[in-house]
Amino acid sequence: MLLMSLLDLSLPLKNPVLQFSLLLLIILFVPLLLSRLKIPSLISLIIAGAVIGPHGLNLMLRDSSIILFGTVGLLYIMFLAGLEIDVADFRKNSSKSILFGLYTFCISIVLGIVVALYILQFSLLSSILIGSIFASHTLIIYPVVSKLGIAKNKAVTIAIGGTIITDTLALLVLAVVVGMSSGEVMSGFWIKLVIGLISFGLVVLLLFPIIARWFFKRVDDSVLQYLFVLAMVFFSGFLAEAAGVEAIIGAFLGGLALNRLIPRTSPLMNRIKFVGNAIFIPFFLLGVGMLIDIHAFFKTYETIKVALVITMAATVAKYLSAWITQKIFGFSLDQRRLIFGLISAHAALALATVLIGYNIVTGYAPNGVPLRLLDESVLNGTILFILVTCTLATVLGEKGAHNIALADAADDVAEPERLSTEERILIHMSDISTVDELVNLGVTVASDKISNGMYAMHVADNSTPDEAAEKHAGKLLEKAAVAASSIDQELRGLLRYDSDVVNGIACVIREQKITDLILGLHHKNMMTESLLSGSSESILGRCNVTTFMYKSVQPLSTIKRTIAVIPEGAENEVGFVLWMKRVINMIKNTGSKLVVYASKQTIAYLKEAYADKLPNVEYKVFREWDDFLVLSREIKNDDNLILVMSRKNHHSYHTKMAKIPTYLNRYFQKNSYILIYPVQSGIPEDTFDDTPAQSVRKNIVSVENVRKMLEKVYKKKK
């Protein structure tokens, strides 16, 4: 009783600890409970906000803290949209996004003006403002799209690009209407707006990536990196407001600027999405719910009329845009549903526009009552408008998103290149300073769906005391486990005692059926010719798996270009498809530009076989391996060099490969590089009995058949 008397439990709650506890419990349990009623989690949080808000049980006020976290959540949604979008596809489909944004804006604003002018009997300025509300939208279901892993779907890319167009134009209309109502729209207004927008765009898209790359190359502390990203996002939002547009435009462009520097497989991306989905975005949804006042709908008939008319008209406009998009671009029914879900929800931007219109007084009635640009019926009707459009967008959008994700999963299972061989990647570790980047490379080259196939191992010398060996190995494997867990990747640690490191690795490859091996070199160490020996005593002579030798000078996320040098005849090797799949994954996950140096025949084959998977590759003819001096002049800072190698006496072997260590030590000390040794035929059979190579070799025939089929197709076309 004494404790209860010390606590203030009067409503609304004022104790900040109690308020925050209540919000966290709601975020935790309400989606779980309402999911049993098939209510989407996004809608459940909006409903919860309405129940606990000032118009419901009055447990909490929509005070400055809720508004702050809600604003952060809205910016977070737009930032994630820019961060996860496929930049190459975005550029490729930029004309389609612009077209989509323009006709979506035109359909919505025209229908809004007509409805407001002739059905609701509003003035012209008020009708234009209603039209701008119709045109704008909030990507409220984007968190669902992100969780399902379909953010790079073409329909999503076009919808997000169109969102920037529609929201920017809607905000410009708002600025013009406000200026006209106050008599400020003159030539100076337009000059200031144009100069501000151009300056803002140049700073965010050109300067931000340079600053971010410099920071990420020098600071590896995870907390500081996350704080840096948050600072960049909100500063870009501030710059947008200073330029005369909403902060959400700045957040999206900020995400676009950092897109290539934060790979989706990186620990930093995992932290960004975790904090946003756990805290900021749920707070935004609760804040939207707290705006809902059910009682206001029934105050007057006019409120109900306005709410029904604008809700139906806006929904028709967005559905019409989604339907036109489906027909023009040949999208599926589920893609149309997803587009409709992305563009039909109205929340913060619509409310902000209504509040601005409500606060603009155009005159006074004879009884002294102020005449507002948007009256109270529109203000109250907008609340129902927000609730219905968010619910409809979530239900239909989630249905389309789930169906697309299921279809993508089915395609992954049926993909021929998976070859029924489960991926098992082994990372050998001996230097604690290289652990993070080796794990990062392993995750970057792996397929999306790899689950239990990541291993980290250390070979301890038999002559070393057990306690000392276990202590050193424990530090290495623990750091590897922490690095993997930061991106939700399972990793098994293995400690092997052996007098010979190569023998220890070879035995683990055999026992665990490894398909890929990653070996690390310290950035201060020199590459030696003995390391590349193809003898039976070396790792390359005993292990016929795709092998990566990686020397990291800078994080993969800061790489601008990936330069791949492929020897003549590499496409004839049985392991060609396997290592190409890893390189494709690396390019997809890092977002770097791929530049391929190869012979004319190899380039022709790559263009024919991988046109759909590598659409934006730059090809350059590379005739002789003596041309490394020429190649060194082409390599720039922030480039990553990939050299596809070969064991002796195989299709793609070149005698000059023996000089690769000399070339690397002389010309490429300031660049990261990866040497790739493919699976090759002709390795002694007894070495691979009951090994992973056995499962790979079972697929060699199918890989060879696929290659021959593609070769025949190419020759016929030629």
Side-chain angles (χ1 to χ4, degrees), residues 428 430 500-503 505-506 509 516-553 562-576 578-580 582-583 595-603 620-635 639-684 687 693:
H428 176 256
S430 57
D500 179 39
V501 174
V502 172
N503 188 61
I505 295 174
I509 288 176
D516 300 83
L517 172 65
I518 296 178
L519 305 172
L521 299 170
H522 193 276
H523 69 276
K524 292 183 179 179
N525 291 349
M526 304 287 280
M527 171 67 75
T528 61
E529 293 185 17
S530 61
L531 188 64
L532 305 187
S533 170
S535 67
S536 59
E537 290 79 19
S538 75
I539 192 68
L540 299 173
R542 296 186 58 181
C543 301
N544 194 21
V545 295
T546 306
T547 303
F548 301 84
M549 295 184 179
Y550 180 38
K551 182 176 181 179
S552 173
V553 174
T562 297
I563 311 296
V565 181
I566 304 176
E568 186 174 0
E571 67 275 16
N572 298 318
E573 300 285 3
V574 294
F576 177 80
L578 302 176
W579 69 258
M580 269 301 297
R582 299 289 178 255
V583 172
V595 181
V596 172
Y597 284 81
S599 65
K600 290 183 178 179
Q601 183 180 357
T602 303
I603 290 174
K620 294 187 178 183
V621 177
F622 187 71
R623 296 179 180 83
E624 297 291 339
W625 282 67
D626 283 330
D627 288 349
F628 261 82
L629 181 59
V630 176
L631 182 64
S632 67
R633 295 170 185 162
E634 297 289 326
I635 299 293
D639 283 350
N640 180 35
L641 180 65
I642 293 180
L643 297 175
V644 181
M645 304 292 286
S646 172
R647 298 166 181 84
K648 286 184 178 180
N649 303 319
H650 286 81
H651 291 296
S652 57
Y653 181 74
H654 194 288
T655 55
K656 297 297 182 182
M657 287 184 180
K659 293 186 177 181
I660 290 298
T662 303
Y663 294 144
L664 293 175
N665 294 332
R666 183 178 300 171
Y667 302 123
F668 305 102
Q669 291 185 9
K670 296 182 179 180
N671 293 94
S672 298
Y673 58 78
I674 303 172
L675 273 59
I676 300 179
Y677 280 83
V679 173
Q680 295 177 299
S681 58
I683 306 298
T687 309

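These figures come from a predicted structure and were not determined experimentally. Position 1 is the first residue of the sequence, and the numbers go up from there.
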message: Testing the basics here: between F576 and A570, what is the closest heavy-atom pair and its distance to 0.1 Å?
response: CD1-O, 3.3 Å

query: Any idea how Y663 and Y667 line up, ring-wise: parallel (<30°), tilted (30 to 60°), or perpendicular (>60°)?
result: parallel

- request: For residues N544 and V679, report the shortest heavy-atom separation together with the two atoms involved.
  value: OD1-CA, 3.5 Å

statement: Closest non-hydrogen contact found for L519 with H428 is CD2-CB, 3.8 Å

query: Between atom CD1 of I674 and atom CE of M645, what is the distance when rounded to the nearest 0.5 Å?
result: 13.5 Å

statement: Residues passing the side chain to side chain donor-acceptor pair (under 3.5 Å) test with T562, sequence neighbours excluded, are S592

- request: Any chance you could lay out the side-chain contact (heavy atoms from CB on, under 4.5 Å) test for N503 and R542, step after step, and finish with the verdict?
  value: CA-CA 9 Å; N503 188 61; R542 296 186 58 181; 3.0 Å; yes

- request: May I ask you to decide if P678's main-chain N or O and E573's side chain share a donor-acceptor pair within less than 3.5 Å?
  value: no

- prompt: Do you know the tightest heavy-atom contact between P567 and S652?
  reply: CB-O, 3.5 Å

field: Pairwise distance CG(L517) to CD1(I509) - rounded to 0.5 angstrom
entry: 4.5 Å

- prompt: Of V644, I660, L641, which is the lone residue that meets side chain to side chain contact (heavy atoms under 4.5 Å, CB included) with V565?
  reply: L641

field: Those residues that, when tested against S599, pass side chain to side chain donor-acceptor pair (under 3.5 Å) (two or more places apart)
entry: T602

- prompt: For N640, what residues pass the side chain to side chain donor-acceptor pair (under 3.5 Å) criterion, not counting sequence neighbours?
  reply: none

message: To the nearest 0.5 Å, what is the distance between CZ on R582 and CG on D516?
response: 4.0 Å

Heavy-atom pair with the smallest gap, counting every atom of Y597 and V595: CE1-CG1, 3.8 Å

task: Working to the nearest 0.5 Å, report the span between CZ of F668 and CG of D639.
output: 10.0 Å

task: Report the distance from atom CG of N665 to atom NZ of K659, rounding to the nearest 0.5 Å.
output: 14.5 Å

message: Just to verify, what does N671 make a side chain to side chain donor-acceptor pair (under 3.5 Å) with, not counting sequence neighbours?
response: none

- line: dist Y677:OH -> H650:NE2 (nearest 0.5 Å) comes out at 12.0 Å

message: What verdict does the side-chain contact (heavy atoms from CB on, under 4.5 Å) test give for E571 and M580, after you've listed the backbone C-alpha separation in whole Å, the side-chain angles of each residue and the deciding distance to 0.1 Å?
response: CA-CA 10 Å; E571 67 275 16; M580 269 301 297; over 6 Å; no

task: Could you pull out all residues at least two apart from K670 that satisfy salt bridge (Lys or Arg N to Asp or Glu O under 4.0 Å)?
output: none

message: For S646 versus M657, what's the shortest heavy-atom pair and its separation?
response: N-SD, 3.6 Å

